[in-house]
Each structure stands twice: as C-alpha cells, then as structure tokens.
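Before any comments, here is the structure.
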Amino acid sequence: MAKEITSREEDYSQWYIDIVKKAGLAENSAVRGCMVIKPYGFAIWEKMQAQLDKRFKETGHVNAYFPLFIPKSFLSKEAAHVDGFAKECAVVTHHRLMNDPNGTGVIVDPAAKLEEELIVRPTSETIIWNTYKDWIKSYRDLPLLINQWANVVRWEMRTRLFLRTAEFLWQEGHTAHATKQEAIDEAKQMQDVYAEFAETYMAMPVIKGLKSDSERFAGAEDTYTIEAMMQDGKALQAGTSHFLGQNFAKAFDVKFQNQNQKEEYVWATSWGVSTRLMGALIMTHSDDEGLVLPPKLAPIQVVIIPIPKANGVITEVVENIQAELKAKGISTKYDKDKKKQPGFKFAEYEMLGVPVRLAIGKRDLANGTVEVARRDTKEKFNLPLEGISDAIEKLLEEIQDNLFQKAINHRAENTTTVDTWDEFQEVLEKKGGFLSAHWDGTEETEEKIKEITKATIRCIPLDQPEEEGKCVFSGNPSKKRVIFAKAY
RNA sequence: CGGGGCGUAGCGCAGCCCGGUUAGCGCACCUGGUUUGGGACCAGGGGGUCGCAGGUUCGAAUCCUGCCGCCCCGACCA
C-alpha cells in the first residue's frame, strides 16, 4: 500500500481519489465511468444496506426485483420524466454478435436488430408502474409498499468514483397509495428514515428539506431531500424521497376502485439512496492519514496488533479479548502477519479507517494493560486488560458520537446567514459552505444566482421557521430562508 | 462536448526533445538471513507484445500519420 495521500489543503479532489484508491474501496474499471467496488468498499456498502433494509422492512416495505431493461416507449409516457433522463440513457439495439466477415473479432449482427430498443434503466418508475397497473384494482390492494435493490445506469458526461458513476448501486422504493395525504406522509417518512440512518449510522448530519422546482426529480410533484455538507463546504445530496402525485398513475393508467365504488388514480412515491453515500461517508470524516469510519459502519471495528510479533502468550490474550468483543457484537481482526512490522500495520489500518487499534506486547503483558489508539482523534493510551471489552464498547460509542459532533460543528461553522447580495457573494467566495438566505421563490432568481455564483438552492428546510424578509437577489418579499451552496 | 494531462512489469514513474547494446528505477512479489513498541535491512531472483495499427529507417519506446482508452478541470446530473 502506498504511503502518500494528497493533503486536503493541497487538492481536495485528489485527496478524495487517493482515499478511495488507497483504502481499497474502489477503482476505475476498463469501462468508462464505471467503477469496480473492491471488497473493503463493498463491505461498508453492505453494512449500509443491512441497516437501510432493516428500516424499510420495519416501516412495512417488502423487497422485489424488476427488469434491468425498459422498453423505450415506456420512458416517454411521463413527459417530465423522459425530459429528465433522455440525455443519459444507454440503449440496447441488438441482441446478437457475429464473427466479422472482414477480419478478426466480432461485430454486431445487423440481422439481430431489436424491433423496439431497450433502455438500461436509469430508474425504474416506468417499468414498475407498468407492472403496478396489473396489480392494483381495488383500495384493498393499497398501499403497495415495495423496494428494490438494484443497479442503474445514467450516462453521465463526467464521473467520479462513488459520487457519480455511469452505473451505480442503489435502492429504489416505489409505493402506491389511495390518498394524496398518505403518499405525502410516506415520502416524508422515508426522508426521515434516510435522515435517521445518515445521522446515527454514518454520523453525518443532514438537513431535511424540499427541493425547489428546478432541482426536483423529473416527474415528481415534490422532492424531499437530505443534504449534507462535505469537509470542503460543498453540499452533497445524500438521498431523495419523491411525492409523485398521480403523474405515473395517469401515465400508466393505474386506477383503483375506492370504497364508494368510484374509480380513482393512485398516488405514488419513490425514494432512493445510492453508493453515493460511500462518497458522502468518506468526505464527511476522513483525514490526511486516510479513511475514518464511524464504528457502526466499520467492517473491522477493532484491530489488534501484536508487538513486536505474535507469540503463544500474546495470541492467547488476544483470543480472549476477541471472544469477549465478539460476544458484544464487535468485529475484530488480529493481524499476526510476521512480515510486516507494527509501524507498517499502524499506518495501514489508519488508512483503512479502523476506529480502534489495540497493541499488545511484552510490556503490556507485564503490566496487564493494552495500548489503545483511536482513529478519530489519533489519541493513544493504556487500558487495563481487565474489563477491556466494556471499555472498548464505550470507546466505540464515544467515537461514533465524536464524529457526529465534529461534523455538526463543522457544518455550524460553515453555515452563514446572509441578508444582502454583496454579503452572499463575498461569503460564498471567501468562506463557502451553506448560506441561509431569503429567496423570492421564483425559478428566474434561482437560475440567475446559479449563473453568477454557481451556487444552487440545496433545499428549502422543513424545520425552518417562517420569517418575513427580502430576497437576497431580487429584494422581493420572502417568507422563508433557504439553503444555498455549491454542490457535488 | 470544450480545455488540459497521460498510456513503458501488479502499482508509481524515468527514458522520448537529440533513434543505436541484453529497456531502467522505486514499491510490491519469490528465496535466504538479520530485524521488529510508528511505514526495517542485506544478498540473490522472477516478471515487459513500451495502448493499437500503419509509415519513415540498416535500426523505433523514441520520429510521422491515424485510431483507441483512461484521468483531471468545465457545462449536465443521485
């Protein structure tokens, strides 16, 4: 493993890439814009999945799976939806290859042209709503609460590992409801689920809000979002939950009979989070020494390193510690590798973001102690072997809390309330971060601000109190502050 | 799609301008030994269609032409 990571100060973007590569999370593949998620990165993703999946099921959802391919005609049934996705679709036109008659290799067999092209799903609303049409007849079939874990493809012009890749992994929930209110409640509920997961598991504070018209999902009435602040002050949309109104029901003719024997279109939501959360996790906590993982998502929570090398006595002590920790549900790794020196291992596990490191040598055996190092603060101290597992359990909780608190503080320090246009530009330029400002609610103003400053409205916060004010740009009256920021 | 950069061993690079022995270095890998409380050292060893295809030449990693790919920055997006 290479030793050097570009510092955040020197080049934040390169720092991010270095972390992803050197911590073995992912790498670029032979396919443009598509990444290989490596075992360590995937292990983190699996921990995220497990927690999210549990929460989806606790809120009454079930998993299913829909096809990767969508007939081209489906996509165009909802006007706003096709507008939003048409420009980034991969299209399947043929189903067979043949030997190249003029040389070596294979070519697409022209005789194998598909009658209707297939789109590789950029999202599954259309294929799912086409299916729901057959599943929903009565109010008794509602609500329909389904989630799928899948890959999707969006042919992005420019990609970045985890943050934006041409193919990415995600989950997409698609629900159908009898009433508007129920669908809105569902969309908000899932936003809450995402926020709770982000904060308690990823230790990443998020702002719950509503997207402005221009940032809304293609085909949605309202998009509920969770927005996080990265260490460079830029915003990252970490998850979205859409109230789709009756748009897809109308597009796919999905009606049900209510209790009064009247036919109605159903109300819909969709919601998703993706492997982008990996990027969010990295950019929220990591430092110039490597990845920093919150204990709740770390594949290895405690690494134990023998000093100078494993022997029978040390191994016996370590195995006891491991057994105690395992009983508490704490994952450990005992690195007995004799070829690598302790110093190398220290650096290596720091790179991997393992929250707690224990070192045990002769000195410790004599004193009945262990050397404990925490990844988040880089502090080292000795703890008695007696009761070590209780101490580590507490320490892991403390690290989890500390990371969250640090992230909250960082966000607070980089959130500025601004009231004038000069102030807006100056703060954005010199300090960055989130700007809480009044906005007149028009798309024109938002667009102009974006043109001039590159900052967009990240969200209209839900918990923001109403407050009379004047739009920071137009001076027109405004009732609420919104969050502006430059975004990933 | 615009701008920039890069394709040479698993990884990171030098060599190319100015063509000329067996294409080199660091890390990693293999063997042996000494080490080991913050990235060890010594000795020996294995590994290359120099991105692809043409061309120039006695001779091409190096010069010319075309192609392909990747990365970074911007416009578009989770």
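Order of the sequence lines sets the chain letters (A, B, ...), proteins ahead of strands, with each chain counted from 1.
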Could you tell me the separation between the [atom1] atom of [X] and the [atom2] atom of [N], rounded to a whole number of Å?
X      : N     : atom1 : atom2 : value
A:F344 : B:C41 : CZ    : P     : 12 Å
A:K454 : B:C76 : NZ    : C1'   : 13 Å
A:F162 : B:C77 : CZ    : C1'   : 19 Å
A:D18  : B:C11 : CG    : P     : 16 Å
A:I5   : B:G12 : CD1   : C1'   : 15 Å
A:R160 : B:C77 : CZ    : P     : 17 Å
A:E289 : B:G39 : CD    : P     : 14 Å
A:K340 : B:A40 : NZ    : C1'   : 14 Å

Any donor-acceptor pair, under 3.5 Å, between the side chain of A:E350 and the base of B:G38, if you only look at N and O atoms?
yes
Can you check nucleotides 31-35 of chain B for protein contacts, nitrogen or oxygen pairs under 3.5 Å, and list what you find?
none

N/O (side chain, A:R158) to phosphate O (OP1/OP2, B:C73) under 4.0 Å
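Yes, A:R158 has a side-chain N/O under 4.0 Å of OP1/OP2 on B:C73.
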Is there a side-chain contact between A:S13 and the phosphate of B:C73, meaning an N or O under 4.0 Å from OP1 or OP2?
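The answer is yes; a side-chain N or O of A:S13 sits under 4.0 Å from OP1 or OP2.
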Within 45° cone of A:Y40 ring axis and under 6.0 Å: A:K38 NZ or CZ
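Relative to the ring axis of A:Y40, which defines the angle, A:K38 lies outside at least one limit.
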Within 45° of the six-membered ring axis of A:Y349 and under 6.0 Å from that ring's centre, is NZ or CZ of A:R375 located there?
no
Heavy-atom side-chain contact between A:V370 and A:N382 under 4.5 Å:
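Of all side-chain heavy-atom pairs linking A:N382 with A:V370, none is under 4.5 Å.
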Report yes if the side chains of A:T126 and A:E78 come closer than 4.5 Å at any heavy-atom pair, otherwise no.
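No, too far: nothing below the 4.5 Å cut-off.
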Over all strands shown, is [X] touching base, sugar-phosphate only, or nothing at heavy-atom distances under 4.0 angstrom?
X      : answer
A:F168 : base
A:T159 : sugar-phosphate
A:T240 : nothing
A:K345 : nothing
A:E371 : base
A:L163 : base

Can you give me the closest heavy-atom contact between [X] and [Y], atom names plus distance?
X      : Y      : answer
A:K338 : A:A310 : CE-O, 4.5 Å
A:Q148 : A:S124 : NE2-OG, 3.1 Å
A:M204 : A:M230 : SD-CE, 4.2 Å

More 5' along RNA chain B: A:P308 or A:A238, using each one's nearest nucleotide?
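Upstream on the strand: A:P308.
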Please write out each protein N/O paired with an N/O of nucleotides 67-70 of chain B under 3.5 Å, distance rounded to 0.1 Å.
| unit_1 | atom_1 | unit_2 | atom_2 | d |
| --- | --- | --- | --- | --- |
| B:C70 | OP1 | A:R32 | N | 2.7 |

Run the ring-centre check on [X] versus [Y] and record whether the distance is less than 6.0 Å.
X      : Y      : value
A:F424 : A:F484 : yes
A:H174 : A:F248 : no
A:F56  : A:W271 : yes

How far, in whole Å, is [M] from [N] if one measures between their [atom1] atoms?
N     : M     : atom1 : result
B:A28 : B:C42 : P     : 12 Å
B:C16 : B:G10 : C1'   : 24 Å
B:G7  : B:G15 : C1'   : 15 Å
B:A9  : B:A23 : P     : 14 Å
B:G48 : B:U8  : C1'   : 8 Å
B:C68 : B:G54 : C1'   : 14 Å
B:C52 : B:G69 : P     : 15 Å
B:U57 : B:U65 : C1'   : 16 Å

Taking the basic N atoms (NZ, or NE/NH1/NH2) and the acidic carboxylate oxygens, is any pair closer than 4.0 Å for A:D213 and A:R216?
yes
Which range-with-range stems can be found for RNA chain B when each stem has 3 or more Watson-Crick or G-U pairs in a row and both distances sit under 3.5 Å?
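Listed by first number, the stems are B:1-7 with B:68-74, B:10-13 with B:24-27, B:29-34 with B:40-45, B:51-55 with B:63-67.
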Please tell me which of the listed nucleotides, [options], lies nearest to the side chain of [X]?
X      : options             : answer
A:F346 : B:G38, B:C76, B:G37 : B:G38
A:R357 : B:G37, B:C77, B:G38 : B:G38
A:A359 : B:G37, B:G38, B:C76 : B:G37

Aromatic ring pairing A:Y132/A:F66, orientation class (parallel under 30°, perpendicular over 60°, tilted between):
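Ring orientation, 0 to 90° scale: perpendicular.
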Report the distance from atom CD of A:Q425 to atom CG of A:L435, rounding to the nearest 0.5 Å.
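With rounding to 0.5 Å, CD (A:Q425) is 11.0 Å from CG (A:L435).
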The residue among A:I184, A:T269, A:T240 that forms side chain to side chain contact (heavy atoms under 4.5 Å, CB included) with A:Y224 is A:I184
